[in-house]
Amino acid sequence: MIDLKYLRDHPEVVRLSLRKRNHSGDEVDAVLTLDEEWRRLFTRQNNLRAEQKKRSEEIATRKRYKEDVTAELAEMKELAQHVRELEVTLKEKEEALQGLLARLPNLLHPSVPEGSDDSANLFLRSWGEIPSLSFTPLPHWELAKRLKLFDLERGSKVAGSGFILYTGWGAKLERALINWMLDFHGRRHGYQEVFPPFVINRETAFGAGKLPDFEGQMYTFTNADLFLNPTAEVPVTALFAGETLKAEELPLSYAAYTACFRREAGAAGKDTRGLLRVHQFDKVELVKFTRPEQSFDELETLVRDAEEIVQALELPYQVVELCGGDIGFGAAKAYDINVWSPGVGKWLEVSSCSNCTDFQARRLNTRFRNPESGKLEFVHTLNGSGVALPRTVAALLENHQQADGSVRLPPALVPYMGVERITSA
RNA sequence: GGAGAGGUGGCUGAGCGGUUGAAAGCGACGGUCUCGAAAACCGUUAAGCCUCAUGCGGGGCUUCAAGGGUUCAAAUCCCUUCCUCUCCGCCA
């Protein structure tokens with residue numbers, strides 16, 4: 001949520017930020033108009049309530065002296081009715097205003113590049129060499145078939161297309177990667193491990209910015225008002241909703257594994273083969289709660305932490321900064337990590353790291369007391385994949401495939417897998 | 001799922017429908033005392049919003065799990081929902 005007061009004082013800044021995101025910016029005027037109406041009504045109601053309270057107290061005193069108050073009670077009845085009516089219209093206005101505000105994306109950091117889609121994302125750096133193989137690299141679904149790593153048909157049979165059944169070494173690799181990533185972030189970068197629920201309620205989904213506009217991307221239940229979690233960012237960011245964190249313990253860093261569920265409605269075809277786009281996937285997510293002045297520095301270390309994962313997996317990657325048109329709803333600034341996939345011949349997004357500034361914290365009401373000012377302030381929240389598994393597995397298989405059809409495992413994974421390579425035997 | 005108990009400020013915990021935004025205690029902060037500290041004593045100690053002044057600040061409204069209702073007036077009465085605890089049932 002954007003700060004309404006800020007929007008009032010700096011409508012131009014908000015408008016420009018919206019335009020950078022391919023919005024018209026007219027939302028700002030709608031908010032301002034509604035806000036003015038609301039304030040007018042609010043002041044009126046405020047004054048009426050003050051009168052009501054004052055006269056109620058008078059009635060209380062007069063009754064104590066056994067005076068007759070029937071005339072007053074009649075008048076007050078009318079006043080109470082008036083207040084009630086005003087309350088209803090005020091509430092309508094307020095809900096409309098909140099509705100508009102809840103749909104405004106976060107303010108972009110001024111450094112975010114201009115651009116309407118991912119083609120305008122800014123290349124920052126790359127790491128590793130694209131392997132030059134003596135043979136034609138196979139795509140991961142082909143390797144998986146030969147090595148019996150996952151079974152797309154049977155996954156479809158039990159749940160539907162886009163739900164993967166991992167088998168044998170494929171299943172073990174999935175488990176190994178999860179354990180290794182959690183250990184890695186815990187030991188090397190000091191993230192505290194949490195294992196959140198895989199379902200989230202409405203408040204949590206709203207707080208993270210997934211509602212009201214992205215409800216369609218989540219799986220819902222017919223017999224409970226819950227959602228299957230689309231990313232661990234949602235439950236972990238909401239951990240301290242309504243709480244006040246201690247300034248001295250910030251920044252707080254958490255690493256969480258969850259399965260992630262996404263409807264990906266309408267997505268089918270060439271970009272969705274194998275593990276490229278699925279309805280359920282595993283992900284280790286990194287979440288930070290920071291003081292406002294730290295958050296952009298923390299974003300840099302967050303990306304580096306995620307990069308170390310793909311480095312240890314020996315996967316060539318590039319880091320790009322997302323442009324205004326490609327950046328997520330809650331993010332003020334974001335980076336993607338894309339690994340090279342020789343079998344598919346594409347860069348695959350395996351991580352997205354965002355600074356959501358106070359956008360989610362305001363929705364969730366997660367604050368800290370600033371020791372300098374003594375005031376309560378919203379924390380900043382950050383999240384980043386560290387990293388998402390399916391495309392990482394795809395890139396791992398494709399980059400480390402050998403001429404003999406086996407797949408070499410990077411040293412980091414060997415202790416977790418118990419073997420140095422995956423073979424069909 | 002059934003039965004019961006309960007949800008009040010940072011915490012513990014009072015609260016006959018009418019100066020109770022809320023006693024008391026603890027904690028925290030400030031002060032007195034002290035060379036310093038402890039103890040003792042004194043004081044301060046919720047948040048959000050609107051508005052005036054915009055330097056401190058002033059005025060008003062809201063908030064006692066959440067939502068609705070009764071009433072001139074609700075922490076207090078009624079209804080619904082959520083959560084916690086105990087017992088039962090079911091279950092890996």
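In what follows, every chain begins at residue 1, and chains take the letters A, B, ... in the order their sequences are listed.
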Check: residues 69-79 of chain A side-chain donor-acceptor pairs under 3.5 Å, at least two apart:
unit_1, atom_1, unit_2, atom_2, d
Thr70(A), OG1, Asp68(A), OD1, 3.1
Thr70(A), OG1, Asp68(A), OD2, 2.9
Glu72(A), OE2, Arg62(A), NH1, 2.5
Glu75(A), OE1, Arg55(A), NH2, 2.7

Could you list, one pair per line, each protein nitrogen or oxygen that sits under 3.5 Å from a nitrogen or oxygen of nucleotides 90-92 of chain B, together with the distance?
none

- Query: Between the side chain of Thr167(A) and the main-chain N/O of Lys148(A), is any donor-acceptor distance below 3.5 Å?
  - Reply: yes
- Message: Taking pairing as Watson-Crick or G-U wobble with both contacts under 3.5 Å, can you name the mate of C87(B), or confirm there isn't one?
- Response: G2(B)
- Message: Using atom P in both nucleotides, what's the gap between G68(B) and A75(B) to the nearest angstrom?
- Response: 14 Å
- Note on the structure: In Watson-Crick or G-U wobble terms, with both distances under 3.5 Å, the base opposite A53(B) is none
- Contact check, side chains of Phe227(A) and Arg202(A), non-hydrogen atoms, under 4.5 Å: yes
- Query: To the nearest Å, how far apart are Arg362(A) CZ and A47(B) C1'?
  - Reply: 15 Å
- Message: With rounding to the closest Å, how many angstrom separate the C1' atoms on U84(B) and A28(B)?
- Response: 28 Å
- Query: Expressed as a whole number of Å, how far does the P atom of C79(B) sit from that of C61(B)?
  - Reply: 31 Å
- Item | Test side-chain contact (heavy atoms from CB on, under 4.5 Å) applied to Ser406(A) - qualifying residues, sequence neighbours left out | Gln402(A), Asp404(A), Arg421(A), Thr423(A)
- Item | Side-chain heavy atoms of Val407(A) within contact of Trp169(A), under 4.5 Å | no
- Note on the structure: Atom NZ of Lys5(A) and atom P of U54(B) are separated, to the nearest Å, by 18 Å
- Item | Under 4.0 Å protein heavy-atom contacts per nucleotide of nucleotides 57-76 of chain B, with B for base, S for backbone only and - for none | ---BSS----SS---BS---
- For Arg291(A), enumerate each residue passing the salt bridge (charged side-chain N to carboxylate O under 4.0 Å, His left out) test, keeping only those at least two apart in sequence or located in another chain. Glu293(A), Glu372(A)
- Message: When you measure from the side-chain N and O atoms of Arg40(A) to the phosphate of C50(B), is any distance below 4.0 Å, counting only OP1 and OP2?
- Response: no
- Applying a 3.5 Å limit to both distances, which nucleotide forms a Watson-Crick or G-U wobble pair with G27(B)? U45(B)
- Message: Taking ring pair (Phe, Tyr, Trp, His ring centres under 6.0 Å) as the definition, give me every residue that meets it alongside Phe281(A), ordered by chain and number, with sequence neighbours left out.
- Response: none
- Message: Work out how far the P atom of U81(B) is from that of G4(B), and round it to whole angstrom.
- Response: 14 Å
Might you list the N or O atoms of the protein lying below 3.5 Å from N or O atoms in nucleotides 80-85 of chain B, with each pair's distance?
none

- Message: Checking Gln294(A) now: which residues fulfil side chain to side chain donor-acceptor pair (under 3.5 Å) with it, not counting sequence neighbours?
- Response: none
- Does U70(B) pair with anything, Watson-Crick or G-U wobble, both distances under 3.5 Å, and if so, with which nucleotide? none
- Can you list the residues that meet the side-chain contact (heavy atoms from CB on, under 4.5 Å) rule with Leu100(A), with sequence neighbours excluded? Ala30(A), Val31(A), Leu34(A)
- Item | Residue-phosphate contact under 4.0 Å: Arg369(A) side-chain N/O, A47(B) OP1/OP2 | yes
- Query: Residues in ring pair (Phe, Tyr, Trp, His ring centres under 6.0 Å) with His380(A), at least two apart?
  - Reply: none
- Query: Can you check the Glu67(A) CD to G18(B) C1' distance for me, whole Å?
  - Reply: 15 Å
- Quickly work out the Lys375(A) NZ to U45(B) P distance and round it to whole Å. 16 Å
- residues 354-376 of chain A vs ring-ring contact (aromatic ring centres under 6.0 Å, His included), sequence neighbours excluded, gives Phe329(A)-Phe359(A)
- Starting from P on G10(B), measure out to CZ on Phe368(A) and report it in whole angstrom. 18 Å
- Item | Base-pairing mate for G17(B) - Watson-Crick or G-U, with both contacts under 3.5 Å | none
- By the Watson-Crick or G-U definition, both distances under 3.5 Å, A75(B) is matched with none
- Message: Going by the rule side chain to side chain donor-acceptor pair (under 3.5 Å), which residues pair with Asp336(A) if we only count those two or more places apart in sequence or in a different chain?
- Response: Ser352(A)
